[in-house]
Amino acid sequence: MRRPAVPSIEHLAKAVPARAMPAGFRGAGLVCGLKPSGRRDLALFVSDRPASVAVLATQNRFAAPPVLITRAHARSGRAQAFVVNSGNANAATGAQGRQDALEMCTLVARAIGVTPRLVLVNSTGVIGVPLDMGKIRRGIEALVSQLDPAGLNDAAEAILTTDRRPKRTTRVWRQGGRQVRLMACAKGVGMIHPNMATMIAAVFTDAAISPALLRRALRLAADQSFHGLTVDGDTSTNDMAVAFANGASGAPAITRATSSAFKDFVAAMTSACQDLVHAIAADGEGGEGAGDVGVAGAAGGGAFLEE
């Protein structure tokens, strides 16, 4: 797959039409009152069926409670939902923070009819302040009633903190005579380094692929995108990149890392993640420009822990 030209950050901020969304995914984003700005601050992404899942999470020794919960839930390689709040990172919140992150998973699971271990969670925003769970409980109840394919756009906006604009992109390609789609979104403008601090990225695709190969693909994509990004050299507690693949396209399952189907899949995911990297860098706090730096002969590897 040839790498498409990088779209402008204005283009990446535009809403994605419902017809371009991967099959079998719905989303919603709303205002639950965590942000003083009154902007959307609670997001839910849902697959209509259990999906293969891969997670890359921060190496920070003070990883926030929701990151620890997601690491544990993702070990099975299967998930069906991802709930994210902005405005409060639920970091440095101790046992209460862990209990609140678990409750967010439980509330979503109960509302969509799955087990809590099929729900991933993250938070972003102010550190050291407990979540207002009353607002989140009411928000999750309302979110589920609003789930819709086009609602993935609202969810992508609800994960933002000090970002000036949303960051989202799509890919479509043919595999086994079927059309396969991918949608990716992210937040992050400050405290960004190759350790990927305060950055949250999510990739959703209707391709069919095993959890092991999905983890490999996400790692390869991150090494060619997120791991080369820096804004201000700082690190934080809530970094995360997640990928869901639910197989709803009906395309043949990708089963071998040496197959052309896997190579096409990695190319699509990598180019989508590179779009997000450019959008994050261009939206950097106080930034007036962004650019690429090419390095030859350097050792590879990144800063996320692979689950």
Side-chain angles (χ1 to χ4, degrees), residues 1-7 12 16 19-25 27 45-57 74-80 82 120 149 152 156 167-186 196 200-229 240-279 300-302 304-307:
M1 175 178 287
R2 180 176 294 178
R3 170 75 171 96
V6 177
L12 294 171
V16 176
R19 66 180 182 277
M21 295 295 188
F25 287 98
F45 306 88
V46 173
S47 172
D48 292 340
R49 61 177 77 181
S52 293
V53 69
V55 174
L56 300 178
R75 288 191 184 112
S76 69
R78 306 293 286 176
Q80 205 161 341
F82 184 36
L120 309 184
L152 292 168
K167 298 155 183 66
R168 46 202 167 198
T169 191
T170 60
R171 292 291 182 274
V172 58
W173 69 102
R174 304 286 297 182
Q175 184 202 324
R178 304 298 291 266
Q179 196 170 65
V180 181
R181 292 185 174 89
L182 177 150
M183 180 264 189
C185 61
M196 299 166 71
I200 296 174
V203 179
F204 307 95
T205 177
D206 51 20
I209 186 170
S210 70
L213 285 180
L214 183 61
R215 285 193 295 271
R216 183 167 180 173
L218 182 58
R219 167 62 68 181
L220 290 169
D223 282 347
Q224 296 298 316
S225 58
F226 303 128
H227 287 152
L229 171 67
M240 188 180 292
V242 303
F244 286 74
N246 66 8
S249 66
I254 302 170
T255 59
R256 293 182 296 111
T258 56
S259 67
S260 60
F262 180 73
K263 292 175 183 177
D264 287 346
F265 181 83
V266 171
M269 182 181 288
T270 299
S271 64
C273 291
Q274 288 170 345
D275 280 358
L276 298 179
V277 161
H278 281 85
F304 270 173
L305 290 177
E306 185 168 347
E307 304 306 325

(request) Begin from the C-alpha positions of Leu218 and Met269 and carry the test side chain to side chain contact (heavy atoms under 4.5 Å, CB included) through to its verdict. (result) CA-CA 7 Å; Leu218 182 58; Met269 182 181 288; 4.0 Å; yes
(request) Report yes if the side chains of Val16 and Met21 come closer than 4.5 Å at any heavy-atom pair, otherwise no. (result) yes
(request) Taking the side chain as every heavy atom from C-beta outward, state whether Leu12 and Lys167 have any pair of such atoms under 4.5 Å apart. (result) no
(request) Kindly write out the residues that satisfy side chain to side chain contact (heavy atoms under 4.5 Å, CB included) with Ala184, not counting sequence neighbours, or none if the list is empty. (result) Thr169, Leu182, Val203, Ala272, Leu276
(message) Rounded at 0.5 Å granularity, tell me how far CD1 in Ile254 sits from OG1 in Thr205.
(response) 7.5 Å
(message) Can you pull out every salt bridge (Lys or Arg N to Asp or Glu O under 4.0 Å) where at least one residue sits in residues 45-56? Sequence neighbours excluded, please.
(response) Arg26-Asp48
(message) Within the supplied structure, the quantity of interest is the number of heavy atoms (other residues, nucleotides, ligands) at a distance under 6.0 Å from Arg174 CZ; does it exceed 12?
(response) yes
(message) My understanding is that only residues two or more places apart in sequence, or in another chain, count here; which of them pass side chain to side chain contact (heavy atoms under 4.5 Å, CB included) with Arg256?
(response) Thr258, Ser259
(message) Can you pull out every ring-ring contact (aromatic ring centres under 6.0 Å, His included) where at least one residue sits in residues 255-277? Sequence neighbours excluded, please.
(response) none
(request) Please identify each residue that fulfils side chain to side chain donor-acceptor pair (under 3.5 Å) with Arg78, with sequence neighbours left out. (result) Ser52
(request) List in chain and number order the residues that pass side chain to side chain contact (heavy atoms under 4.5 Å, CB included) with Pro252, two or more places apart in sequence or in another chain; answer none if no residue qualifies. (result) Gln175
(request) Please confirm whether the backbone N or O of Arg181 pairs with a side-chain atom of Asp206, one donor and one acceptor, at under 3.5 Å? (result) yes
(request) Check the pair Thr270, Gln274 against side chain to side chain contact (heavy atoms under 4.5 Å, CB included), reporting the backbone distance first and the verdict last. (result) CA-CA 6 Å; Thr270 299; Gln274 288 170 345; 3.5 Å; yes
(message) Do Phe82 and Met240 make a side-chain contact, defined as non-hydrogen atoms from C-beta onward lying under 4.5 Å apart?
(response) yes
(request) Please round to the nearest 0.5 Å and tell me the distance separating atom CZ of Phe244 and atom CZ of Phe25. (result) 7.5 Å
